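Scroll down for the structure; my scribbles are underneath it.
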Amino acid sequence: MTLYRTHTCGELNINNNGEDVLLSGWINKKRNHGNLLFVDLRDTYGITQCVIDNKNNLFKKIEKIPLETVAQFQGRVVTREKDTINKELKSGEIEIKITNFKILGKTKELPLPVFSDQEYSEEIRLKYRFLDLRRSKIHENINLRSKVISFIRKEMEGFGFLEYQTPILTSSSPEGARDFLVPSRLNPGKFYALPQAPQQFKQLIMVSGFDKYFQIAPCFRDEDARADRSPGEFYQLDIEMSFVEQKDVFTVVEKLLNNIFKKFSSKKILNEKFPQITFSDSMLKYGSDKPDLRNPLEICDLTEIFSRTDVKFEIFKKLVKEGSLVRAIVTKKTKNKPRSFFDNIDRWAKEEGSNGLAYLTFENEENKISGKGPIGKFFSSDACKEIMKKSKAENGDSIFFSCGNKKDVEKLLSLARDKIARDLDLIDENIFAFCWIVDYPMYEIDEKSGQIKFSHNPFSMPQGDLNKLNLNKPLDIKAYQYDIVCNGVELSSGAIRNHIPELMYKLFAIAGYNKQSVDEKFSGMINALSYGAPPHGGIAPGIDRIIMLLAGEKNIREITMFPLNQNAQDLMMNAPSNVEDNRLKELNINIIKKK
RNA sequence: GGGGGUGUAGCUCAGUUGGUUAGAGCGAUCGCCUGUCACGCGAUAGGUCGCGGGUUCGAGUCCCGUCACUCCCGCCA
């Protein structure tokens with residue numbers, strides 16, 4: 001009971017029959033019958049129908065109240081007649097007979113209707129986010145987010161982790177994404193950076209002797225947006241543990257994610273013990289390091305087939321001779337699919353910028369296997385049998401080939417796996433398919449410069465006997481680096497860290513950083529590691545993406561209360577904005593005007 | 001930085017081959033209606049067809065440019 005209400009709009013039911021109550025909320029909807037007026041009053045807890053007839057002299061005033069006005073209604077709870085019960089509402093068995101009312105907050109004419117299932121442009125939704133957030137779907141999503149985060153905190157504390165906060169103003173790091181920079185007034189010409197992740201801090205927390213760290217950590221990266229990637233800021237469940245190896249991290253995170261997804265979704269978890277797939281296997285079988293394991297299609301390598309003399313498909317044979325490879329996807333029992341099914345996929349592949357996908361179907365005619373389709377005639381029966389053996393295809397199955405360099409083939413077939421599976425409706429939307437991707441290479445070749453660079457986190461521990469590590473073959477070195485993927489979404493990335501400074505210097509040297517530059521750029525951490533650092537490791541699941549999966553949303557703005565738009569602007573608050581010249585002067589900053 | 005999509009009433013959209021006065025639903029305003037819950041019925045107001053230029057007797061429609069939003073590629077250790 002407050003000045004404004006005795007109950008919320010979601011809690012009254014048949015047990016309150018006869019009570020005098022006071023409700024406050026927004027006018028969700030009015031239904032005016034001239035002599036009888038229904039008003040749906042809404043708050044975050046629900047909707048309660050209030051009713052008044054024209055014998056009451058308040059009728060004339062209440063019928064004029066615009067939708068989304070904040071109002072207070074006083075009245076008596078009455079049960080509804082049987083045939084007027086609304087089963088859609090928690091309060092649907094009762095209604096409030098209005099005896100008095102008060103306007104608490106007026107509204108101007110609405111730029112977007114709140115009570116509607118219509119879709120609205122992002123522009124209007126973001127500009128009037130406070131109205132958009134009143135709408136039920138996104139309102140629920142935001143509350144889901146709150147509950148999930150609260151649950152995560154309880155779980156982590158249950159696992160013995162403590163939440164420690166780390167700085168928001170820190171130093172710029174040379175690796176990785178662009179930093180957001182913050183000029184320092186007290187240190188003219190120098191800049192702070194917002195943390196891309198609390199990576200170094202969480203390791204420093206371990207060196208400081210705190211054993212199990214977690215944080216719902218804001219992360220800032222000045223990179224371009226995607227539907228599932230906010231520009232600017234996002235949140236990670238940042239985790240770090242001392243005295244652990246990879247499997248110890250896996251145990252904690254599998255338990256946590258199983259608990260979260262079971263509690264907040266009715267969808268089935270395909271494997272509660274997450275399968276572990278090596279990076280190289282994943283790239284071969286799925287063409288990607290974030291495979292959607294709901295999709296049963298797999299990719300296989302058939303390059304060798306195209307060196308056979310009884311294969312006459314000259315375009316591919318020529319490319320293979322020049323170093324291209326051929327990989328393929330088999331679709332089961334697609335013998336009777338119409339020509340358009342195959343041609344659509346080929347056309348789609350061309351639209352993706354490739355040379356298309358060659359295809360054929362295996363058929364058995366007079367006890368002889370042969371390839372049907374435009375390129376079927378180029379393959380002998382024996383060659384077909386060999387392809388079927390290698391690709392595990394059977395009579396009546398079809399196969400789509402892609403030929404090109406490794407990267408292009410992987411990329412196209414990764415997309416094709418998804419495209420074909422959707423065309424054939426092979427993906428069960430009611431499951432969560434988690435997996436670990438493990439054994440990432442420590443280094444890769446930078447395509448532009450041709451130089452060796454860290455493929456992921458430079459602070460990861462290389463695998464194998466550290467005394468026998470062959471630093472001359474850096475591309476062969478694997479790291480204790482791992483990702484979690486769920487339904488094709490990269491959920492998190494983590495590693496066992498390198499806590500040995502001498503080894504760190506050697507590994508950085510391979511990527512072109514001498515000791516001096518490592519000392520300079522990672523001074524905080526490299527110094528700390530020299531004073532008794534425990535073996536440690538961790539991971540950082542993305543909070544936003546977890547919520548997206550739970551809410552079944554494809555766009556991160558649907559689960560973010562006040563998101564930036566794709567151009568990293570806040571249309572409601574007008575950020576970023578110009579600042580006054582004297583503020584810039586104070587910061588020793590000049591704006592260079594573009595022509 | 002590059003490519004695709006969209007832009008018409010407050011909101012969501014339709015608008016034919018370039019042809020009369022640009023329409024609908026919701027919302028707003030006014031009127032009618034006693035059991036609705038997407039209430040119903042009638043009327044009224046509401047338009048720089050994103051913006052600029054061009055082609056044409058004539059442009060919402062075609063062309064060029066530009067802006068905004070969005071999706072993708074690059075980017076995101």
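Reminder, nothing fancy here: chain letters follow the sequence lines and each chain counts from 1. Everything numeric in this text was worked out from a predicted model, so none of it was measured.
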What nucleic acid atoms does [X] come within less than 4.0 Å of, heavy atoms only: base, sugar-phosphate, or nothing?
X: A:Asp179; answer: nothing
X: A:Ile124; answer: sugar-phosphate
X: A:Ile47; answer: nothing
X: A:Gln49; answer: base
X: A:Glu81; answer: nothing
X: A:Ser121; answer: sugar-phosphate
X: A:Gln569; answer: sugar-phosphate
X: A:Asp222; answer: nothing

Whole angstroms only, please: what is the [atom1]-[atom2] distance between [X] and [N]?
X: A:Phe115; N: B:rA28; atom1: CZ; atom2: P; value: 13 Å
X: A:Tyr120; N: B:rC26; atom1: OH; atom2: P; value: 13 Å
X: A:Lys127; N: B:rG10; atom1: NZ; atom2: C1'; value: 12 Å
X: A:Phe180; N: B:rC76; atom1: CZ; atom2: P; value: 15 Å

Searching all strands shown, indicate the nucleotide that pairs with [N] (Watson-Crick or G-U wobble; both distances under 3.5 Å).
N: B:rU61; result: none
N: B:rA24; result: B:rU12
N: B:rU6; result: B:rA68
N: B:rU36; result: none

Using heavy atoms and a sub-4.0 Å distance, could you list which residues of residues 61-70 of chain A are near RNA chain B? By number, please. A:Lys64
How far, in whole Å, is [M] from [N] if one measures between their [atom1] atoms?
N: B:rG10; M: B:rU6; atom1: P; answer: 22 Å
N: B:rU8; M: B:rG60; atom1: P; answer: 15 Å
N: B:rG53; M: B:rA9; atom1: C1'; answer: 26 Å

Electrostatic pair A:Lys411-A:Asp408, nearest N-O below 4.0 angstrom: no
So that I can tick it off, tell me whether A:Asp346 and A:Lys350 are bridged by a salt bridge, with the cut-off set at under 4.0 angstrom between side-chain N and carboxylate O. yes
Within this structure, what is the CG-NZ distance for the pair A:Asn295 and A:Lys419, rounded to the nearest 0.5 Å? 13.0 Å
Determine: side-chain N/O of A:Lys29 to OP1/OP2 of B:rG27, distance under 4.0 Å, yes or no. yes
So is the aromatic ring of A:His33 stacked onto the base of B:rC39, judging by whether the centres are under 5.5 Å apart and the planes are under 30° apart? yes
Can you say whether the rings of A:Tyr440 and A:Phe279 are parallel (under 30°), tilted (30 to 60°) or perpendicular (over 60°)? tilted
Does NZ or CZ of A:Lys515 fall inside the cone over A:Tyr505's six-membered ring, less than 6.0 Å from its centre and within 45° of the axis? yes
